[in-house]
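Note that this is a predicted model, so its numbers are computed, not measured. Letters A, B, ... mirror the listed sequences (proteins, then strands); counts begin at 1. Hydrogens, waters and symmetry mates play no part in the numbers below; they use all other heavy atoms, side chains included.
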Amino acid sequence: MPELPEVETARRYLERGILGQSVSAIDVRLPKLLRDSPLPSLELLLNHTVVAVGRRAKVLILAFDHDLTLLVHLKLAGQVAVFLSSGERLVAGHPVPAPFGEYPHKVTHIEFHFAEGTVVYFSDVRQFGWFRLMPTSDVEAAIDAFAFGPEGTGALDVDALSAIISRRSIPIKTLLLDQSFIAGLGNIYVDEVLFRSHIYPATAARDLSDAERNTVLGHVPAVLAEGIRQGGAKIIHNIAHPVDQFPAVHGRGGEPCFVCETTIEKIRVGSRGTYFCPNCQPPTH
DNA sequence: TGCGTTGTTTCACC
DNA sequence: CGGTGAAACAACGC
């Protein structure tokens, strides 16, 4: 389930695979994935060259020459698979299709072929993702319209964000999921941030102490960095397969906490499945 | 088979 | 109008 680390991994793979390359063929098997696209057809990208591969929040930004840019959101279950001409595969995002299996898979909906031999497969078992093609000159306004907050990977303005936390009554988890507060966290990494911060996820944001607010904000870039370092969290059918004890709580209901061996619990916060350690994150407020 | 799944938007309401 | 919580939506696997 692609959050910022999975999308950033996809961005890096695409940059390595297709930057400077020219589109030689496009196969769109599920045209409806171009939802609300200003330009109606990906065919417009034929013979165009990739000039930049960017990302804002969880949105991939593929810039081509001659004023064309493709925005991609992987949503719940999107996957990007880059097949280099060497035969090496770079796969980011959802674990379906199996990275070492056959492509295109039945849930592979769009594929790009490049003159240099690289092939990119976009797959999405849930079909919730979207593609939007537009003039590059319109991208800035399109991204602004999302009203994303600061990138969770970067240096955060702790004073300003802490002040916002102190005024909100919603659960701290719900606030951290709000992309206009901080961009990039999703359900997995929010649970990890709160575990490292020793904070019960349903705690009202305004009930956090000064120290707790700083702790939470401090863990955001660190947790995202660990996700990126791993190329995304390994979670299959909602069961975590931790690497270096990460993720520590998300997808580990019924399993022992890596720190204290207390059984990890699952609750619902803001109608989202939420994992926490009842000993490390007691509901003290 | 109806429920769970997530990121995001929409809606009713205060 | 803004904050809030819940519902809606996309579609499918189990």
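Among the protein residues, A:Thr174 comes within range of no part of the nucleic acid, since none of its heavy atoms lies under 4.0 Å from any strand. Within the 4.0 angstrom heavy-atom criterion, base atoms lie near A:Arg272. Counting non-hydrogen atoms under 4.0 angstrom, A:Arg268 reaches the backbone sugars and phosphates but no base.
Contact check, A:Lys58 against B:dT8: a side-chain N or O comes under 4.0 Å of OP1 or OP2. In this structure, A:His73 reaches the B:dT8 phosphate: one of its side-chain N or O atoms is under 4.0 Å from OP1 or OP2. Distances shorter than 4.0 Å separate some side-chain N or O of A:Lys266 from OP1 or OP2 on B:dT5. Contact between the side-chain N/O atoms of A:Arg126 and the OP1/OP2 oxygens of B:dT5 is not found at any separation under 4.0 Å. A:Ser271 has no side-chain polar atom (N or O) that falls below the 4.0 Å cut-off from OP1 or OP2 of C:dA7.
Each of A:Arg168 and A:Lys106 was matched to the nucleotide of DNA chain C holding its nearest heavy atom; the match closer to the 5' end belongs to A:Arg168. Between A:Gly273 and A:Phe146, the residue anchored closer to the 5' end of DNA chain B is A:Gly273, taking for each the nucleotide with the nearest heavy atom.
If you check the side chains of A:Lys173 and A:Thr274, you find a donor sitting under 3.5 Å from an acceptor.
Tracing side-chain contacts under 4.5 Å through hydrophobic residues (I, L, V, M, F, W, Y), one reaches A:Ile110 starting from A:Tyr13; they form part of the same cluster.
Each of C:dT4, B:dG7, B:dT5 was ranked by its minimum atom distance to the side chain of A:Ile170; first place goes to C:dT4. Checking C:dC12, C:dG5, B:dT5 against the side-chain heavy atoms of A:Gln127 singles out C:dC12 as nearest.
As rounded to whole Å, 12 Å separates atom C1' of B:dC3 from atom CG of A:Asn238. Rounded to a whole Å, the CG atom of A:Leu177 is 15 Å from the P atom of C:dT4. Between the CZ atom of A:Arg206 and the C1' atom of C:dT4 there is a distance of 11 Å, rounded to whole Å. In this structure, the NE2 atom of A:His250 is 12 Å from the C1' atom of B:dG4, given to the nearest Å. Put simply, NZ on A:Lys75 is 20 Å from P on B:dG4, counting in whole angstrom units. Between the CD1 atom of A:Ile239 and the P atom of C:dC14 there is a distance of 13 Å, rounded to whole Å. Taking atom CZ of residue A:Phe128 and atom C1' of nucleotide C:dC12, one finds them 7 Å apart after rounding to whole Å. One interatomic measurement links the two molecules: CG of A:Asn187 to P of B:dT8, which rounds to 12 Å at whole-angstrom precision.
Salt-bridge formation is not detected for the pair A:Asp124/A:Arg126: no Lys NZ or Arg NE/NH1/NH2 atom is positioned less than 4.0 Å from an Asp or Glu carboxylate oxygen. Under the 4.0 Å criterion applied to side-chain N and carboxylate O atoms, A:Arg16 and A:Glu88 are assigned as salt-bridge partners.
A donor-acceptor pair under 3.5 Å is absent between the side-chain atoms of A:Arg196 and the main chain of A:Glu192, judged by distance alone.
The ring of A:Phe122 has its center closer than 6.0 angstrom to the ring center of A:Phe131.
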Is there a ring pair (Phe, Tyr, Trp, His ring centres under 6.0 Å) between A:Tyr103 and A:Phe83? Walk through the geometry before answering.
CA-CA 10 Å; A:Tyr103 283 80; A:Phe83 282 34; 5.2 Å; yes
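Taking the six-membered ring for Trp and thresholds of 30 and 60 degrees, A:Trp130 and A:His73 have ring planes inclined between 30 and 60 degrees apart.
Taking five base pairs at each end of the helix from B:dG2-C:dC14 to B:dC14-C:dG2, the local helix axes there meet at an angle of 50°, rounded to 10°.
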